[in-house]
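Here the structure is laid out as structure tokens; the discussion comes afterwards.
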Amino acid sequence: MKNKTFQSLTNPLAKNNPVLVQILGICSALAVTTQLKPALVMGLSVMAVCAFSNLVLSLLRNGIPERIRIIVQLVVIAALVTIVNDILKAYVYDVSKQLSVYVGLIITNCIIMGRVEAFALSNKPLPSLLDGIGNGIGYGGVLVIIAFFRELLGSGTLFGYQIIPECFYEAGYVNNGLMLFPPSALIIVGIIIWVHRNANKDLQEK
Amino acid sequence: MELLKLFIQSVFIDNMVFSFFFGMCSYIAVSKSVKTANGLGLAVTFVMLITVPLNYLLENYLLKAGALSWISPELASVDLSFLSFILFIAVIAAFVQILEMIVEKFSPSLYNSLGIFLPLIAVNCAIMGGALFMQQRAFESVGEAAVFGFGSGFGWWIAILVMAAIRERLSYSNVPKGLRGPGLAFIITGLLGMAFMIFSGFQM
């Protein structure tokens with residue numbers, strides 16, 4: 001039992017990663033990753049919403065009528081996202097401006113709905129909470145990987161600090177501007193999925 | 001003329017998929033055959049055409065700071081905009097539910113071809129994204145909001161159709177094993193996105 005509870009935390013990190021394997025929650029994963037800082041904030045926000053929506057809906061799971069469960073789920077998630085949005089506005093206003101509508105889009109992030117539907121509604125609160133945290137970390141991890149490459153190659157910085165030395169630029173090195181545009185994020189995700197599937201052969205399609 | 005500009009801009013320049021990544025989850029999952037992609041595209045376009053103006057009315061007559069002053073001037077200081085996420089998603093979910101019932105009742109054949117996609121739409125980020133962009137850009141009239149909703153949905157429709165057509169052809173090619181399925185779908189979307197970037201230079 002102990003082991004199984006723990007697995008609900010570790011499984012989503014790599015083997016059953018929500019972004020790479022289940023292809024969920026891509027929308028925001030790509031849009032906020034031009035720099036590491038917003039990507040990290042977004043990952044943490046999604047983790048918080050995912051964990052608490054799992055917890056709340058798992059506690060409510062015996063009281064929700066089957067037919068209206070989608071609306072109940074959406075209302076709980078929307079309320080949590082509203083709280084997260086206000087917290088972000090209060091403490092990290094510049095990042096919250098950068099994330100703009102994508103904070104609101106956490107509501108329709110399929111990871112959260114998907115975990116609630118698939119896990120929280122049929123499990124006890126504690127494993128649900130851990131499952132939410134695990135999926136949040138799995139999602140945030142991918143976001144950070146994408147943002148790392150995009151920020152490093154696109155602007156030569158990490159967390160806003162210059163990483164690529166000045167002498168490179170003097171020798172003719174140029175930042176890859178395309179990395180800051182949307183298409184590069186898609187291509188990086190494609191490559192990450194490729195690497196991930198080569199490491200996990202059982203995920204490959206025939 | 002302004003409306004036409006807005007339409008073209010929301011279809012091509014601000015394409016939902018290629019410049020904002022909205023609705024990626026269903027975009028990747030459902031783009032395996034042209035027929036189903038077409039059905040989902042149609043449904044998304046229709047839902048956006050209705051829900052964006054509906055949410056526009058909500059935003060301007062209920063939620064925005066001072067929006068309630070049409071009831072009585074005393075309410076002018078009320079700002080309910082913190083409720084916008086909950087209300088927008090409720091409108092979308094309720095509308096999708098109603099639409100599903102109507103279609104099932106009046107056109108069973110359309111329901112059979114669209115049926116499974118309708119519930120999916122409630123969590124399609126393109127629709128929520130449309131509502132949030134409408135809020136951010138503060139359109140001047142409900143007509144503008146409707147054109148924006150229709151254009152964005154239409155752009156999404158075009159994007160998923162193109163993608164599905166390419167993926168149908170790809171099923172005949174010999175792709176490296178690890179890249180089959182979603183991996184390649186992402187890379188193609190990236191390449192399509194680069195192609196769509198040419199529109200971003202247009203001066204409207």
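In what follows, every heavy atom counts, from backbone to side chain, and hydrogens, waters and symmetry copies are set aside. Every chain is numbered from 1 and lettered A, B, ... according to where its sequence line falls, protein lines coming before strand lines.
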Drop me the distance from B:Met128's CE to A:Leu74's CG, to the nearest 0.5 angstrom. 9.0 Å
If every non-hydrogen atom of B:Gly190 is compared with every non-hydrogen atom of A:Pro183, which pair is closest and at what distance? O-CB, 3.2 Å
With rounding to the nearest 0.5 Å, note down the distance linking CG in B:Leu192 to CG in A:Leu186. 9.5 Å
Turns out that what part of A:Ile192 lies under 4.5 Å from chain B's heavy atoms comes down to neither
Examine whether an atom of B:Tyr27 lies under 4.5 Å from a heavy atom of chain A, and if so say whether it belongs to the side chain, the backbone or both; otherwise answer neither. neither
Does atom CZ of B:Phe95 have more than 12 heavy-atom neighbours from other groups under 6.0 Å away? yes
More than 12 heavy atoms from other groups under 6.0 Å of CZ on A:Phe181: no
Taking all non-hydrogen atoms of both residues, which atom of B:Ser19 and which atom of A:Pro182 are closest, and how far apart? O-CG, 3.8 Å
A:Phe119 atom CZ, over 12 foreign heavy atoms within 6.0 Å: yes
CD1/B:Ile187 to CH2/A:Trp194 distance, rounded to the nearest 0.5 angstrom? 7.0 Å
Closest approach of B:Phe85 and A:Gly104, non-hydrogen atoms and distance? CZ-CA, 3.4 Å
Whatever's closer than 4.5 Å to a heavy atom in chain A on B:Gln97 counts as side chain
For A:Arg197 and B:Arg180 the tightest heavy-atom approach is NH1-O, 4.0 Å
Kindly indicate whether the side chain of A:Ile187, heavy atoms from C-beta on, has any atom under 4.5 Å from the side chain of B:Phe186. no
Over 12 foreign heavy atoms within 6.0 Å of CD, B:Gln136: yes
Closest non-hydrogen atoms of A:Leu105 and B:Gly129, given as atom of the first, atom of the second and distance, are CD2-N, 3.5 Å
Can you confirm whether A:Tyr173 is buried at OH, in the sense that more than 12 heavy atoms of other residues, nucleotides or ligands lie under 6.0 Å from that atom? yes
Under 4.5 Å heavy-atom distance to chain A, tell me which part of B:Ile86 shows up: side chain, backbone, both or neither. both
Report all side-chain donor-acceptor pairs from residues 150-159 of chain B shorter than 3.5 Å, counting only partners two or more places apart or in another chain.
unit_1: B:Ser152; atom_1: OG; unit_2: B:Phe148; atom_2: O; d: 2.8
unit_1: B:Trp156; atom_1: NE1; unit_2: B:Phe22; atom_2: O; d: 3.2
unit_1: B:Trp157; atom_1: NE1; unit_2: B:Asn38; atom_2: OD1; d: 2.8

First locate atom CG of B:Leu179, then atom CG of A:Asn198, and finally report the distance between them rounded to the nearest 0.5 Å. 8.5 Å
Which atoms of B:Phe20 are under 4.5 Å from chain A, going by heavy atoms: the side chain, the backbone, both sets, or neither? both
